[in-house]
There are 2 protein chains.
Amino acid sequence: MDEAAPQKGTVTQRAIERIKAMIAEGRLEPGQRLPTERDLAAQLGISRSSMREAIRALTVLGVLEARHGSGIYVTALEAGDLLETFGVVADLSRGPRLVELLEVRRILESTATGLAAARITEDQLAEVEKHLTAMNATDDPEEILAHDLAFHREIAAAAGNDTMAAILEGLSSRTFRARVWRGYQEEGAFARTRREHAAIHRALCARDPEAARAAAAAHVGEVEEWLRAQLGP
Amino acid sequence: MDEAAPQKGTVTQRAIERIKAMIAEGRLEPGQRLPTERDLAAQLGISRSSMREAIRALTVLGVLEARHGSGIYVTALEAGDLLETFGVVADLSRGPRLVELLEVRRILESTATGLAAARITEDQLAEVEKHLTAMNATDDPEEILAHDLAFHREIAAAAGNDTMAAILEGLSSRTFRARVWRGYQEEGAFARTRREHAAIHRALCARDPEAARAAAAAHVGEVEEWLRAQLGP
DNA sequence: CGACGCATAGTGGTCCGACCAATTCGGCGA
DNA sequence: TCGCCGAATTGGTCGGACCACTATGCGTCG
């Protein structure tokens, strides 16, 4: 059946590559159901244990989805699925790399906000406003953080680039922001944050891309500079 | 030993979270060796099979590294390790999402090139020149592609943000570019590519960030527009 | 005749035990 | 003292068994 394959790496690693190749070549379509673990293992001539490790690996990468009792399916392969793992980068990064991540976020967030200013619909703008007012109406840090995340998520979605939005989602993962903002907010940065959010919102309402870009860059840049100062001494 | 943990998700998933948490909390340092698979499984009260799946998952994410006969180690947790999986996104994306990926790359590449113009050292600049001349001296598409990748990689490295460089590396993964450029180059885009690379190099030599940014944006933008046109009709 | 409910086969999830293969390190001998 | 060899350690693979959940279809009941 399967000719002698070059013995590179572990059998599990080879199985991962094989399945990835099948998807890349279009032999497996998004949403399609795969053969059973037992059949797949037999096809590649490996044990079910090894095949399960390969499937698990592709599952955490957001490529496959295993439904207990039903089968294994290819995900929709949308940006959100595949970039979900981006969050672990943010969660496991410390020190200087946090600043680098914020720098990347500043660049992408400012671009996305600028694009959003030109493209945002009335409905989307209303949603943004909802989170803005909700954020200013409470004192619970948890709730503020949640609405803050939603505020930026709505804007990123309005930019019309799902891939960019998914990356920004990862760069703003809950634990990441919680870690950085814990200290930032303790220095009374609430007022400043509100001003900056208001500026972003104003630029969006005015459909002014350049102002929106600048406001978003300044917003993220503030946190970035604060964090840089924290790490300096 | 371990109290009743809430039964959320599979045991493997829980094991993944546990190990991730250990690293995030600093109980496991980069480069440190973990207990054996058998010991880890016993500690979390699960079977070795399940623990192996968890380890395999964290291995493909670039968090852990298993050395046959030696043990399991935490990686250096550098940007390159954790963002290696970014390449699969590029490899498995098709259609409109390729354009989105190129848009993200245009934004980051132009920023990185602009930063590089201000920070690049003489040695790094010499390395960039080496790949530029080598790229223009051959007709072999494979070799051109390799030097093209190295050209941009050196520039990204000179920008001083390892995280950004790692993301760009993923966005320029070999199979990704090979797929897009196959058609692009067939339309006689070689000359244009050379001109654009020369323009980038000139801006770097002149230490002109704004010119470098513009040249890089135009360079990626060209491919982006071509691809957009391909998908349109 | 149709809708509901239960039995059953199918499928992923977990566990166990065994053996293989690569590394490591200590002791033995030249 | 140096080098080699073998045993212990440890990850890699395999096969089988059983559990948990789904889906399907058949039979029953309204």
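Because the structure is predicted, anything quoted here is derived from the model rather than measured. To find a chain, count down the sequence lines: A is the first, B the second, and so on, and within it residues start at 1.
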Short side-chain N/O contact from Arg52(B) to OP1 or OP2 of dG12(D), under 4.0 Å: yes
May I ask you to verify if any side-chain N or O of Ser50(B) is less than 4.0 angstrom from the OP1 or OP2 atom of dC15(C)? yes
For the side chain of [X] and the base of [N], is some donor closer than 3.5 Å to an acceptor across the two?
{"X": "Arg48(A)", "N": "dG13(C)", "answer": "yes"}
{"X": "Ser49(B)", "N": "dC16(C)", "answer": "yes"}
{"X": "Arg38(A)", "N": "dG12(C)", "answer": "yes"}

Nearest-Å distance, [atom1] ([X]) to [atom2] ([N])?
{"X": "Glu37(A)", "N": "dT14(C)", "atom1": "CD", "atom2": "P", "answer": "10 Å"}
{"X": "Gln13(B)", "N": "dG13(C)", "atom1": "CD", "atom2": "P", "answer": "11 Å"}
{"X": "Glu53(A)", "N": "dG15(D)", "atom1": "CD", "atom2": "C1'", "answer": "15 Å"}
{"X": "Arg33(B)", "N": "dT10(D)", "atom1": "CZ", "atom2": "C1'", "answer": "7 Å"}
{"X": "Ile16(B)", "N": "dT14(C)", "atom1": "CD1", "atom2": "P", "answer": "10 Å"}
{"X": "Leu64(B)", "N": "dT10(D)", "atom1": "CG", "atom2": "C1'", "answer": "15 Å"}
{"X": "Met51(A)", "N": "dT13(D)", "atom1": "CE", "atom2": "P", "answer": "12 Å"}
{"X": "Tyr73(B)", "N": "dA22(C)", "atom1": "OH", "atom2": "C1'", "answer": "12 Å"}

Looking for any heavy atom pair under 4.0 Å, which part of the strands does Ile55(B) touch: base, sugar-phosphate only, or nothing? nothing
With a non-hydrogen cut-off below 4.0 angstrom, is Arg67(A) in contact with a base, only sugar-phosphate, or nothing? sugar-phosphate
Side-chain H-bond candidate by donor/acceptor type, Thr121(A) with Gln124(A), under 3.5 Å: yes
dG12(D), dG15(D), dG12(C): which one has an atom nearest the side-chain heavy atoms of Ala66(B)? dG12(D)
What's the closest nucleotide to the side chain of Ser70(B) if the choices are dC15(C), dG12(D), dT24(C)? dT24(C)
In sequence, state the C-alpha distance, the side-chain angles, and the governing distance for Glu17(B) and Lys20(B), and then conclude on salt bridge (Lys or Arg N to Asp or Glu O under 4.0 Å). CA-CA 5 Å; Glu17(B) 299 300 333; Lys20(B) 256 173 43 181; 3.7 Å; yes
Would you sort out whether Glu225(A) and Arg228(A) count as a salt bridge (Lys or Arg N to Asp or Glu O under 4.0 Å), showing the intermediate values? CA-CA 5 Å; Glu225(A) 280 307 318; Arg228(A) 208 187 299 268; 3.4 Å; yes
I want to know whether His197(B) and His147(B) have ring centres closer than 6.0 Å. no
Relative to the 5' end of DNA chain D, which residue comes earlier, Thr10(A) or Gly69(A), by the nucleotide with the nearest heavy atom? Thr10(A)
Between Thr12(A) and His68(A), which is nearer to the 5' end of DNA chain D once each is assigned its nearest nucleotide? Thr12(A)
Is it true that Arg153(A) and Glu127(A) have a side-chain N and a carboxylate O under 4.0 angstrom from each other? no
